[in-house]
Amino acid sequence: MKREQLHAPKGVSEYVPPRSASFEWIRDHLIAPAKAAGYQLMELPVFEDTNLFSRGVGESTDVVSKEMYTFEDRGGRSITLRPEGTAGVMRAVIEHSLDRGQLPVKVFYSGAFFRAERPQAGRYRQFYQVGVESIGLDDPAIDAEIIALADTAFKNIGLKKYRLEITSLGDAQSRAAHKVDLVKFLKSLDLDEATQSRAEINPLRLFDDKREEVRSKMAAAPLLMDYLSAASRENFAQVCSYLDALGITYTLNPRMVRGLDYYTGTTFEFIHDDLGAQSGIGGGGRYDGLMETLGGADLSGIGFGLGVDRILLAAEAEGVLLENQFASDLFIIPLGQIAKERALSLAQDLRQDGFKVEIAFGDRALKGAMKAADKSGSAFAVVLGETELSSGSIELKRMKDGELSSVKISELGKALSAHA
RNA sequence: GUGGGCGUAGCUCAGCUGGUAGAGCACUCGGUUGUGGUCCGAGAUGUCGCGGGUUCGAGCCCCGUCGCUCACCCCA
């Protein structure tokens, strides 16, 4: 009986060798700067109570209103696969009273997120994000540090063709004042039905409409930037001057819109130029009311989410991933049973010393095994047979030029570091 | 959710106005005895996405369906 070929669900991103090594490398580099700055891991569930997102992210967002994977579990509870990370982090911070300790609470996370969207280049139904959050203190210096964490990660990866856009969404009064004028302005516009209803849900959304006819109409729209209260303005100026001091280049984009409702104050986005329509590789901002909304103390926080899938795409587009970055140091080719036994323990010893060591398995002809060593990209190869076992010395072959050097088997480790 | 493009070996693709499949790369083995990358030879691999229709006959035509892809929307 023939079985149907099984496929991964539509639109998920998955990584298998050899590309999985690049994925892992990118993800680790995204996390590293946060770790170096004292941020600690949050390992949270991928599914949560649906209310967490409808309350936290906002009912008016597309993410909540039409992109969530929501289902009922066996106990009749409404469960949702996490579409973003911040809400879950806040829930956990409140639940474990982390905010009762020293502030800010500094955490990072890494994992899969889910959104039921139509897949496209750089947009997946299951995707990966690395996020960082600093909760409990409203200090412009933290805003700058958070932004710098992402920027440093991109620089360390070797990305060049990305840019940072920032703006301030101000405080509640700033936004309220602006909204009145914006709504008035939008009413004067002749918009199609779909756009009109979008405007009703969240008038700010019209600022990032890509259609030319909408963009030209929006050119004269009142900007939130111009409605900032004195305090908000001062706060944002501080953030900018810290960024200047850090040597981080950015452009002000007063028309920037984020898709999650909880953002306030400093808000930013990293955009990559080689990516097509889904060009945002990361974004975030401050969220003043989120924690209180979720039943916690009235504390402010700031954080970001970085799209690992998209950043991998960007790194590949820029060609910054080195080909043999992940290859082994040594490839051992044993000849015969006894040699195989010795190869196993030799490999184990060398691995203990920190070398990446592979063994040629399955009795292939020497030529074939050598070919496998070549394909593996390993820096060195050795053939371990009767001669070597009895003499105790072995020919260490440097693969890039074929140069052979005779070394004692017991000193292979030394030789590897010396010849590298 | 809306619209465009595409679905032929693991990958990239070719396949003339319909006559039941090919190339390159990759893979395996070999070119005499224990050393890869070049070269030469041999070999393995496809329900031509799936279902139906037209036809003596369909990978090529028609319908449907699924999938992939790009854009809108949305966002990481």
Side-chain angles (χ1 to χ4, degrees), chain A residues 2-5 7-13 16 26-27 30 57 61-68 82-86 110-131 150 194-195 197-198 201-202 205-206 208-212 214 256-260 269-272 275-284 304-314 331-336 339 360 362 364-378 380-388 394-404:
Chain A
K2 210 150 210 174
R3 299 213 176 127
E4 255 188 65
Q5 166 77 49
H7 295 281
K10 183 184 174 77
V12 301
S13 69
V16 300
I26 293 283
R27 188 236 273 133
L30 257 18
V57 178
T61 63
D62 279 24
V63 169
V64 170
S65 64
K66 45 191 190 199
E67 294 173 1
M68 295 205 303
R82 37 137 87 149
E84 63 97 51
T86 306
S110 163
F113 295 85
F114 309 84
R115 250 116 101 160
E117 300 179 275
R118 186 87 171 252
Q120 179 181 333
R123 187 171 77 185
Y124 310 100
R125 313 246 251 219
Q126 173 172 334
F127 58 98
Y128 294 86
Q129 233 175 283
V130 164
T195 312
S197 63
R198 272 220 299 152
I201 295 166
N202 184 345
R205 292 277 145 71
L206 296 203
D208 70 350
D209 199 304
K210 284 178 188 171
R211 292 168 301 179
E212 194 41 56
V214 180
M256 186 167 86
V257 194
R258 308 248 66 228
L260 279 20
E269 220 168 66
F270 287 90
I271 297 155
H272 193 95
L275 249 34
Q278 308 304 318
S279 57
I281 55 174
F304 61 67
L306 306 179
V308 184
D309 312 88
R310 291 182 185 176
I311 293 162
L312 172 58
L313 254 21
F331 201 97
I332 302 175
I333 301 170
L335 264 26
R364 340 169 52 179
L366 177 57
K367 181 171 175 171
M370 207 63 205
K371 209 170 175 180
D374 185 40
K375 289 276 156 55
S376 81
S378 187
F380 293 93
V382 289
V383 175
L384 185 63
E386 281 176 43
T387 335
E388 290 77 14
I394 198 164
E395 296 288 305
L396 181 64
K397 181 168 188 169
R398 187 161 62 191
M399 295 304 280
K400 69 175 179 198
D401 55 10
E403 190 192 270
L404 290 167

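Computed from a prediction, not measured in an experiment: that's the story for all the values here. Residue numbers begin at 1 in each chain, while the letters A, B, ... track the order of the sequences.
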Step by step, work out the side-chain contact (heavy atoms from CB on, under 4.5 Å) result for A:Glu84 and A:Val64.
CA-CA 10 Å; A:Glu84 63 97 51; A:Val64 170; over 6 Å; no

If you find the nucleotide of RNA chain B closest to A:Met399 and the one closest to A:Gly305, which residue's nucleotide is nearer the 5' end?
A:Met399

Select from A:Ala372 and A:Phe127 the residue whose nearest nucleotide in RNA chain B is closer to the 5' end of that strand.
A:Ala372

State whether the distance check finds a donor on one side and an acceptor on the other, under 3.5 Å, for side chain [X] versus base [N].
X: A:Lys367; N: B:G37; result: no
X: A:Asp374; N: B:G36; result: yes
X: A:Glu388; N: B:G34; result: yes
X: A:Arg205; N: B:C75; result: no

Does any nucleotide pair with [N] by Watson-Crick or G-U wobble geometry, both distances under 3.5 Å, and what is it?
N: B:A71; result: B:U2
N: B:A58; result: none
N: B:G7; result: B:C66
N: B:C29; result: B:G41
N: B:A21; result: none

Give the rounded distance in Å between these two atoms: [atom1] of [X] and [atom2] of [N].
X: A:Asp401; N: B:U35; atom1: CG; atom2: C1'; answer: 14 Å
X: A:Asp62; N: B:G1; atom1: CG; atom2: C1'; answer: 10 Å
X: A:Lys371; N: B:G31; atom1: NZ; atom2: P; answer: 13 Å
X: A:Phe331; N: B:G37; atom1: CZ; atom2: C1'; answer: 14 Å
X: A:Phe113; N: B:C75; atom1: CZ; atom2: C1'; answer: 14 Å
X: A:Arg258; N: B:A76; atom1: CZ; atom2: C1'; answer: 8 Å
X: A:Lys66; N: B:C72; atom1: NZ; atom2: C1'; answer: 12 Å
X: A:Glu67; N: B:A76; atom1: CD; atom2: C1'; answer: 12 Å

Just to be sure I understand the rule, does [X] reach a base, reach only the sugar-phosphate, or reach nothing, if contact means heavy atoms closer than 4.0 Å?
X: A:Thr387; answer: base
X: A:Glu386; answer: base
X: A:Leu260; answer: sugar-phosphate
X: A:Arg115; answer: base

Go through it in stages, so that I can follow the logic: the residues are A:Glu395 and A:Val383, the test is side-chain contact (heavy atoms from CB on, under 4.5 Å), and I'd like the CA-CA distance, side-chain angles, deciding distance and then a yes or no.
CA-CA 7 Å; A:Glu395 296 288 305; A:Val383 175; over 6 Å; no

For the student: nearest non-hydrogen atoms of A:Arg310 and A:Gly122, plus distance:
NE-O, 2.6 Å

Is there a side-chain contact between [X] and [Y], using heavy atoms and a 4.5 Å cut-off?
X: A:Met370; Y: A:Lys397; result: yes
X: A:Met256; Y: A:Glu269; result: yes
X: A:Ser110; Y: A:Arg27; result: yes

B:C27 OP1/OP2 closer than 4.0 Å to side-chain N/O of A:Lys375:
yes

Using the [atom1] atom on both, measure [N] against [M] and round to a whole Å.
N: B:U33; M: B:U47; atom1: P; value: 39 Å
N: B:G7; M: B:U12; atom1: C1'; value: 14 Å
N: B:A58; M: B:G51; atom1: C1'; value: 15 Å
N: B:G57; M: B:G18; atom1: C1'; value: 8 Å
N: B:C50; M: B:C66; atom1: P; value: 15 Å
N: B:G15; M: B:A9; atom1: P; value: 15 Å
N: B:U28; M: B:C68; atom1: P; value: 31 Å
N: B:C72; M: B:C16; atom1: P; value: 35 Å

Side chain of A:Val383, heavy atoms from C-beta onward: which of B:C29, B:A76, B:U35 has the nearest atom to it?
B:U35

A:Arg310 side-chain proximity, nearest of B:C73, B:U35, B:A76:
B:A76

Protein-nucleotides 68-71 of chain B N/O pairs closer than 3.5 Å?
from	atom 1	to	atom 2	distance (Å)
B:C68	OP2	A:Lys10	NZ	3.0
B:C70	OP2	A:Ala121	N	2.7
B:A71	OP1	A:Ala277	N	2.9
B:A71	OP2	A:Gln120	NE2	3.1

Restricting to salt bridge (charged side-chain N to carboxylate O under 4.0 Å, His left out), what partner residues turn up for A:Glu386, sequence neighbours left out?
none

Got a sec, which residues hit salt bridge (charged side-chain N to carboxylate O under 4.0 Å, His left out) with A:Asp309, two or more places apart in sequence or on another chain?
none

Please walk me through it: do A:Lys66 and A:Glu117 pass side-chain contact (heavy atoms from CB on, under 4.5 Å)?
CA-CA 8 Å; A:Lys66 45 191 190 199; A:Glu117 300 179 275; over 6 Å; no

Check: A:Arg123 side chain, A:Arg118 main-chain N or O, donor-acceptor pair, under 3.5 Å:
yes

